[in-house]
Every structure is written in C-alpha cells, then in structure tokens.
Number of protein chains: 2
Amino acid sequence: MPFTYAYPRAALTVDCVVFGFDGADLKILLIRRGVAPFLGSWALPGGFVRVTETLDDAARRELAEEAGLTQVFLEQLYSFSGVDRDPRERVVSVAYYALVKLADHPTMSAGDASDAAWFPLTQLPPLAFDHAEIVKIALERLRTKVRYQPIGFELLPKQFTLSQLQDLYEAVLRTAMDKRNFRKKILAMGLLIPLNGRTQLGAHRPAQLFRFDAKKYAALKKRGFHFEL
Amino acid sequence: MPFTYAYPRAALTVDCVVFGFDGADLKILLIRRGVAPFLGSWALPGGFVRVTETLDDAARRELAEEAGLTQVFLEQLYSFSGVDRDPRERVVSVAYYALVKLADHPTMSAGDASDAAWFPLTQLPPLAFDHAEIVKIALERLRTKVRYQPIGFELLPKQFTLSQLQDLYEAVLRTAMDKRNFRKKILAMGLLIPLNGRTQLGAHRPAQLFRFDAKKYAALKKRGFHFEL
DNA sequence: TCAAAAGTGTTCTTGATACACCCATGC
DNA sequence: GCATGGGTGTATCAAGAACACTTTTGA
C-alpha cells in the first residue's frame, strides 16, 4: 500500500537519550540493534514517527516499546538533519532526553528490545549513526539545565537523602561541592520535605529522607522564583 | 514525477522567528501569505525542507528568499508537531529564531515575498497555523538566552553606545535597569572595545561608541568564563 | 541658557565561600 | 570500640542593589 507525494520526503524519527543515576555514575540506556544498518551496534532507543502521532507521542511510544519505560521525564532536545546521517536514505531525527529513577526501575532489564543495557558515560561503546553527537548535546543540556531547574530529582528515588542529592549533582556537574554549603542552600529554598522515615543502608548513622515538593515549586515559580544551584 | 514510500510521511518545514530591535521596541518579521491556507494572513517566514538540504540550510534559504536576509544569527528553537497544525496534511515544522541588526538592514523592505513587515511584539496581528505559539516559545528562549550569552549584540549595529545596549536589554527583558550598575557590570567583563569615533544623534552630549570583542569572548569562554547580565 | 542624554563612586546589604568537629549506627 | 557516613555554625569576602549630581553638546 504505497504512499505517493509530488516531492521526495525525508523520513522522520525520534531518538532518546535516557539518563539514569545509580548512586555513583551517570549512565545512559543503549539498545543493541537487531537490524541493518549498524546491525549489532549500540544505539539510542528510537524509531520512526507515525503520521498520526506527535513527536512527543512517538518518543514515549518508543521508550515503552524498546525499554519498557513509562512515566518518565521527557523533553525535546534538538533536531538532527545531516544529509548523510543515515546510509539508507534521508532521515531527520528529533532527539529527546529522558531522566529515569534508576532505583525505582530495579535493574531495568529492558522491554521487548533484543538487548538493552546501561552504560556509564565514561565507558560508552561506539554508537550507530550520529548518536555519539546526540549524546554529547544531551549531556550539555543536562549539565546546564540541572543547575537552574529542579530536574535532578527525576534521577533519584522519590525519597532520597541529601548526600544522594549531592552525589548526583557532583556526578552530573563533575565538581566537588562543600557539604555544609550544599545543604544550607538547598534547604533554604524550602522545597524539600523531610520525611519521618529513615534510611539505614550499611553500617552507619541513618540519614534523613526528603522528598521534593513539586507543588510548592510550581507555586513559587509562578511568583517569579528561580531555582538555582 | 511522484515519489512513493511504504508508509505515509509527514511533510517537513522550517519556520523562522526573526527578531529585530529599532532602538525602542523588539520586533519580529512577518510575511503576508499569498497562497492558501491562511491566504492573506500574516505568518512566519519559512517553507518546505528539501530532501537535499539540512534544516539549517533550509532556514537560511527561506530567510534569503522570503526576506532578503543573509548572514544573520540563526539558531534552532524547537520542533512543532501537532497533528492538526496544518489543515492540509501532516506537517512537522522545525522552528528557528534569528537576530538581525535592524539598523544595518535599513528599513528592510523584504525580498521577493509578496509582503513583509516588522511588527512590535506588543502589536502582533493574528498569525497563521500555530505560529503564535512558536513566537511565544521563541520569545521565552530569547529572554532566557540573552541573559547568559552575549547574543544581544546581534540585534545592535556593530558600533553601539552603552545606552543603546541598555535600552535593548530593557526591551527584551521588560525590566528597568540602573544605569551605573549596568555600565559597571558590562564594562567589568572587558568584552567591549571603546572606539575613537563618537555618535552625535540629536542635540546632546555625544556618547562613546563600543564594539563587542567576539574573539576575546571566545577565548574567555574556553577558559570557563560565563557571560551573565 | 536651556533641554537632553552621557557619564561617574560610594555605601549597604546580601549571598558565596571556606573551614573542622561531634553524632549515631552496625559490625 | 571503631569505622563509616550523617549532620551542624561562623567568619570572611565578593558581588549586587540603591542612590544624585555634573558634563557636554546643539539648538
């Protein structure tokens, strides 16, 4: 059932850079390709956009199909249009980045995709197409955005300790931060709600758990508040 | 000469939000449509992406064809994909925003487009398609970006006074700024080169002209400097 | 000489930085 | 009782905010 047009058209795809944090390293989710081209290579989850869906719809559908991920933070990143980025034909890809609570999706053994795995950013394998470039842009975006919007919480479990939060920021921004100043600043915003539960983990003093107060943030933002860390 | 594909494909367009500054108001460039749909309505300059060109190429080509603009600051903004955003068929549009030195392109009587005109942002006519939404997103981007990247200079002539620069920031950010503090801060960055010429304008004290030192900025940026105003 | 925009310093307040020790727990 | 990470306060320094008058020119 062919579809014909008066002028040639590029194919349209979405690709998703999915970030996760395991408490130590920032990681991204890759899928091993089961079809040519780049058969057997690692690639970003993604695929063709259907003519009946928006780009956001397509990105969410691909995340669900290829990685079993739903309900994740997802934001459009950039559109990539190099004329030869796909060896088969002209393909324009709209890239997204997603943030997932790795601890909540335990071990995350992927969906129906042939093969999916988390890679630390420092140990990425060679990637198909121009996906290395897309990852680079996504990382830049994450680094700048995490500083002035409270999106870091999307990478942590709903309940987290201040040390976990600081570890996350240090991993994303690749900088060491002073513990007292970090706690002072983040608590001064009044966006973290202390919970009565506690965490024990290993053999140490239990830490206070917090959750991010999204409603309060939304209200403050309307009144001109700017998150910044 | 039809082109056929196994699956239906969306058409792909680019649309450009072109900002200009006349010394008092921030303006955008609109084109009056000469074809259906929205015949006679005002719309953003833009058009279909050819299968042989990148998105950036397409945006620059459309700016040249429809508005006679070349050599302008141009940056990809966001991709819009509402299923019904074009009444004819499925069209995905990649939006760009451009900054032009309005004073250098004098009166800017447009290119070969049937009709082009500059509108102050406060007095925009109804726009075709979802272009009002695109303008809104572009304006948000401009407002956030102008504060931490030196792109404001793209809207001023190469030589400008500090008052012109401050007027620009006040127009874009819609805030009043203190003259002494503004000058102190911007000069402290060391990115403005004072010129020996002077401007006279009306019947007042001449003002020192400056130009932006793009080379110095590039060098500083590499060493971790962050522009911020 | 007047109107209009250019230009210039200091004080105060606020937020950022630097820094070291005790606490609670499991082993 | 010891190893491990959790938790806390102050003093200093830098940057941002507030603020009013003199200068230069053309008309």
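Throughout, a chain's letter reflects where its sequence line sits, starting with A, and its residues are numbered from 1.
Note: CD (A:Gln166) to C1' (D:dG5) measures 12 Å, nearest angstrom. B:Phe182 places its CZ atom 12 Å from the P atom of C:dA6, with the value rounded to the nearest Å. When rounded to the nearest whole Å, the span between CG of A:Leu165 and P of D:dG7 equals 12 Å. Summarising the geometry, the separation between NZ on B:Lys179 and P on D:dC21 is reported as 14 Å, rounded to the nearest angstrom. The CG atom of B:Leu162 sits 12 Å away from the C1' atom of C:dT8 (whole-angstrom rounding). Taking atom CD1 of residue B:Ile186 and atom P of nucleotide C:dT8, one finds them 15 Å apart after rounding to whole Å. Distance, A:Gln164 CD to D:dG5 P: 13 Å, rounded to whole Å.
Paired with A:Leu142 under the rule side chain to side chain contact (heavy atoms under 4.5 Å, CB included), one option of A:Leu26, A:Ile137, A:Leu77 passes, and it is A:Leu26.
When the side chain to side chain contact (heavy atoms under 4.5 Å, CB included) test is applied to A:Pro125, the partners found at least two apart in sequence or on another chain are A:Leu30, A:Trp42, A:Phe119, A:Leu127. Scanning for ring-ring contact (aromatic ring centres under 6.0 Å, His included) contacts around A:Phe153 gives A:Phe160, A:Phe212, with sequence neighbours left out. Applying the side-chain hydrogen bond (donor to acceptor under 3.5 Å, both in side chains) rule to A:Glu154 yields no partners; only residues at least two apart in sequence or on another chain are considered. The side-chain hydrogen bond (donor to acceptor under 3.5 Å, both in side chains) search around A:Ser163 returns none, not counting sequence neighbours. When the side-chain hydrogen bond (donor to acceptor under 3.5 Å, both in side chains) test is applied to B:Asp25, no partner is found at least two apart in sequence or on another chain.
Using a 30° and 60° split on the angle between ring planes, A:Tyr78 and A:Phe80 fall in the perpendicular class, above 60°.
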Pairs under 3.5 angstrom only: tabulate donor-acceptor contacts from the side chains of residues 93-100 of chain A to other protein residues two or more places apart or in another chain.
residue, atom, partner, partner atom, Å
A:Ser93, OG, A:Thr13, OG1, 3.0
A:Ser93, OG, A:Asp15, OD2, 2.6
A:Tyr96, OH, A:Asp56, N, 3.2
A:Tyr96, OH, A:Asp56, OD1, 2.6
A:Tyr97, OH, A:Glu75, OE2, 2.9

Would you list the atom pairs, donor with acceptor, under 3.5 Å between side chains in residues 216-229 of chain B and any protein atom, with sequence neighbours excluded?
residue, atom, partner, partner atom, Å
B:Lys216, NZ, B:Gly190, O, 3.0

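If one axis is set at each end of the helix from C:dT1-D:dA27 to C:dC27-D:dG1 from five pairs, those axes are 0° apart, to 10°.
For A:Arg174 and A:Glu170, the salt-bridge test fails: no basic side-chain N is under 4.0 Å from an acidic carboxylate O.
Using a 4.0 Å cutoff on non-hydrogen atoms, no part of residues 143-152 of chain B comes near DNA chain C.
Side-chain atoms of B:Arg143 never come within 3.5 Å of backbone atoms of B:Leu173 as a donor-acceptor pair (strictly under, hydrogens ignored). Distance alone, capped at 3.5 Å, is enough to place a donor-acceptor pair between the A:Gln208 side chain and the A:Leu195 backbone. Not a single donor-acceptor pair under 3.5 Å links the side chain of A:Thr70 to the backbone N or O of A:Ala64.
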Exercise. Starting at the 5' end of nucleotides 12-19 of chain D, put B wherever the base has a protein heavy atom under 4.0 Å, S where only the sugar-phosphate does, and a dash everywhere else.
Key: ----SBBB
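Residue pairs that meet the salt bridge (charged side-chain N to carboxylate O under 4.0 Å, His left out) test with at least one member in residues 130-141 of chain B, sequence neighbours left out, are B:Arg85-B:Asp130.
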Name the pairs: protein N/O against N/O of nucleotides 22-24 of chain C, kept only if under 3.5 Å.
residue, atom, partner, partner atom, Å
C:dC23, O2, A:Arg205, NH1, 3.1

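Note on A:Ser163: a side-chain N or O is less than 4.0 Å away from OP1 or OP2 of D:dG6. At D:dG7, one or more side-chain N or O atoms of A:Arg183 fall inside 4.0 Å of OP1 or OP2 (strictly under the cut-off).
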